[in-house]
Undergrad: 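Take this structure, written in structure tokens, and hold onto it; I'll ask about it next.
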Amino acid sequence: MKIRARMSMSADGYVTTPTGWPALTADPAFVSGESHGIQEFLAGCEAALMGRTTFEPALANSRWPWPSLDVFVLASHRPAATPDHVVTDGDPVRLLERLRAANRGGDVHLVGGPRTIGTFHALGALDTLELVVLPLLFGGGTHLTPALDPAAGLTFRRQRALPGGAVEIVYSCEGSRSPLPGAPSSQR
Ligand SMILES: NC(=O)c1ccc[n+]([C@@H]2O[C@H](COP(=O)([O-])OP(=O)(O)OC[C@H]3O[C@@H](n4cnc5c(N)ncnc54)[C@H](OP(=O)(O)O)[C@@H]3O)[C@@H](O)[C@H]2O)c1
């Protein structure tokens, strides 16, 4: 089992639109559950893992976003109307244990957001960071850092061009690199 974070981002580095929606949703090429290589990505996955902030909008969707996946949510309380099969837990270590105990050999799609990716990275549980860089500039929004420690070490693995002008880049996460020279101490 590998835990694979996959995030869309604008070409100027924002993972949300200025109004807080996932970057992907601003792309005219976006089709929920179908575009940007998501089906190929999900072929090896059996579970989705995410933070409460990312999960809650799905409860109002007419279409359940993870029909073929077990769903695990990091949340200190169980949001109202959460389907019975969804596992929620407020303790990331315990949620990880429950995820591993349920695992049948498939990978885990770590959906986000940045705080939850940072949390599982800090636990040493993040295997890959997979970015879908969109051909869009937002001029504002949320960055992946500093919720994900800027000292996270990334090793390039592969890339592919996607229909519609986006590019998928896959990095493996292997420990931390040295702090950047001159980085503020809060980033060390
Ligand atoms: N670009 C993309 O592909 C993409 C993908 C997904 C999400 N997003 C965007 O990301 C944004 C949300 O990201 P986010 O980082 O603010 O929120 P998030 O990671 O989705 O959820 C945060 C929540 O997860 C729980 N949590 C996280 N770390 C924890 C820890 N160490 N210990 C205990 N609980 C922890 C807390 O739940 P409680 O408050 O219940 O304790 C926290 O409020 C949204 O704007 C969404 O649109 C973008």
Side-chain angles (χ1 to χ4, degrees), residues 3-42 45 47-61 63-66 69 71-82 86-99 108-126 128-150 152 162 164-171 173:
I3 297 186
R4 302 167 63 188
R6 190 174 204 260
M7 289 223 109
S8 55
M9 66 164 52
S10 64
D12 52 346
Y14 296 102
V15 297
T16 73
T17 66
T19 52
W21 290 97
L24 193 66
T25 60
D27 191 344
F30 174 64
V31 182
S32 181
E34 292 176 26
S35 59
H36 298 82
I38 189 67
Q39 291 302 333
E40 299 94 292
F41 171 81
L42 289 178
C45 294
L49 169 64
M50 70 206 79
R52 182 177 57 76
T53 310
T54 294
F55 172 69
E56 278 186 328
L59 295 170
N61 267 11
R63 173 191 161 278
W64 182 244
W66 307 284
L69 303 176
V71 178
F72 296 80
V73 180
L74 185 57
S76 55
H77 68 273
R78 190 172 176 88
T82 297
V86 173
V87 175
T88 61
D89 206 307
D91 179 345
V93 172
R94 202 167 48 221
L95 187 61
L96 199 52
E97 285 168 2
R98 295 174 74 177
L99 186 66
V108 176
H109 175 195
L110 176 44
V111 183
R115 283 187 284 168
T116 298
I117 292 176
T119 295
F120 287 103
H121 177 263
L123 292 173
L126 186 61
T128 62
L129 176 64
E130 313 196 14
L131 301 177
V132 174
V133 182
L134 306 167
L136 299 172
L137 300 170
F138 289 169
T142 305
H143 286 120
L144 190 49
T145 54
L148 172 64
D149 185 347
L162 298 170
V167 178
E168 179 188 76
I169 309 169
V170 177
Y171 300 98
C173 304

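Remember, it's 1-based here, ligands and their atoms both numbered in the order they're listed. The shown structure was predicted, so the numbers you read here are calculated from the model rather than taken from an experiment.
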Undergrad: Could you tell me if the side chain of R6 sits less than 4.5 Å from the side chain of I38, heavy atoms only?
TA: yes
Undergrad: Which class fits the ring pair H143 and Y14: parallel under 30°, tilted 30 to 60°, perpendicular over 60°?
TA: parallel
Undergrad: Given side chains that start at C-beta, do those of V167 and L162 come closer than 4.5 Å, heavy atoms only?
TA: no
Undergrad: Consider side-chain contact (heavy atoms from CB on, under 4.5 Å). Of H109, M7, R4, which one does E130 pass it with?
TA: R4
Undergrad: Would you say V111 touches ligand 1, if touching means a heavy atom closer than 4.0 Å?
TA: yes
Undergrad: What part of P92, side chain, backbone, both or neither, has a heavy atom within less than 4.0 angstrom of ligand 1?
TA: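 Side chain only.
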Undergrad: Of all the atoms in ligand 1, which lie at a distance below 4.0 Å from a heavy atom belonging to P114?
TA: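 Those atoms are 10 (O), 13 (O), 14 (P), 15 (O).
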Undergrad: Using a strict 4.0 Å cut-off to heavy atoms of W21, name the atoms of ligand 1 that fall inside it.
TA: 47 (O)
Undergrad: Check contact between L24 and ligand 1, using heavy atoms of the residue and a distance below 4.0 angstrom.
TA: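 Outside the 4.0 Å threshold, so no.
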Undergrad: Check ligand 1 against P22 and write out every atom of the ligand that is under 4.0 Å from a heavy-atom position of the residue.
TA: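 Taking each heavy atom of P22 in turn, ligand 1 has 4 (C), 47 (O), 48 (C) under 4.0 Å.
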Undergrad: Which of the numbered atoms in ligand 1 are under 4.0 angstrom from any heavy atom belonging to L74?
TA: 24 (O), 25 (C), 26 (N), 27 (C), 28 (N), 29 (C), 34 (N), 35 (C), 37 (O)
Undergrad: Looking at W64, I'd like to know if its CH2 atom is crowded, meaning that more than 12 non-hydrogen atoms belonging to other residues, nucleotides or ligands lie closer than 6.0 Å.
TA: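 More than 12 within 6.0 Å, yes.
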Undergrad: Is the shortest N/O to N/O distance between G113 and ligand 1 below 3.5 Å?
TA: yes
Undergrad: Counting only heavy atoms closer than 4.0 Å, does ligand 1 sit against the backbone of F55, its side chain, both, or neither?
TA: neither
Undergrad: What part of T16, side chain from CB on, backbone N/CA/C/O, both or neither, has a heavy atom under 4.0 Å from ligand 1?
TA: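 The part of T16 near ligand 1 is the side chain, not the backbone.
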Undergrad: Counting only nitrogen or oxygen atoms and a 3.5 angstrom limit, does M7 reach ligand 1?
TA: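 No, since none of the N or O atoms of M7 sits under 3.5 Å from an N or O of ligand 1.
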Undergrad: Looking at A23, which atoms of ligand 1 are within less than 4.0 Å of one of its heavy atoms?
TA: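 In order of number, 1 (N).
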Undergrad: Near G20, which atoms of ligand 1 are under 4.0 Å from a heavy atom of that residue?
TA: 44 (C), 45 (O), 46 (C), 47 (O)
Undergrad: Looking only at atom types and distance, does a side-chain atom of T88 sit under 3.5 Å from a main-chain N or O of A75, one as donor and one as acceptor?
TA: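 Here the side-chain-to-backbone pair does not exist.
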Undergrad: Taking only heavy atoms of T116 into account, list the atoms of ligand 1 that are under 4.0 Å away from them.
TA: 18 (P), 19 (O), 21 (O), 24 (O), 27 (C)
Undergrad: Heavy-atom distances under 4.0 Å decide this one: backbone, side chain, both or neither, for T119 against ligand 1?
TA: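 Within the 4.0 Å criterion, T119 contacts ligand 1 through side-chain atoms alone.
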Undergrad: Using modelled atom types only, decide if a donor and an acceptor are shared between the side chain of T17 and the backbone of A23 within a distance under 3.5 Å.
TA: no
Undergrad: Under the 3.5 angstrom rule, does the side chain of T119 hit a backbone N or O of R115 as a donor-acceptor pair?
TA: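 Checking the backbone N and O of R115 against the side chain of T119, a donor-acceptor pair under 3.5 Å is found.
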Undergrad: Answer whether the closest heavy-atom distance between the side chains of M9 and F138 falls below 4.5 Å.
TA: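 No - every pair of side-chain heavy atoms lies 4.5 Å or more apart.
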Undergrad: Between the side chain of T145 and the main-chain N/O of L148, is any donor-acceptor distance below 3.5 Å?
TA: no
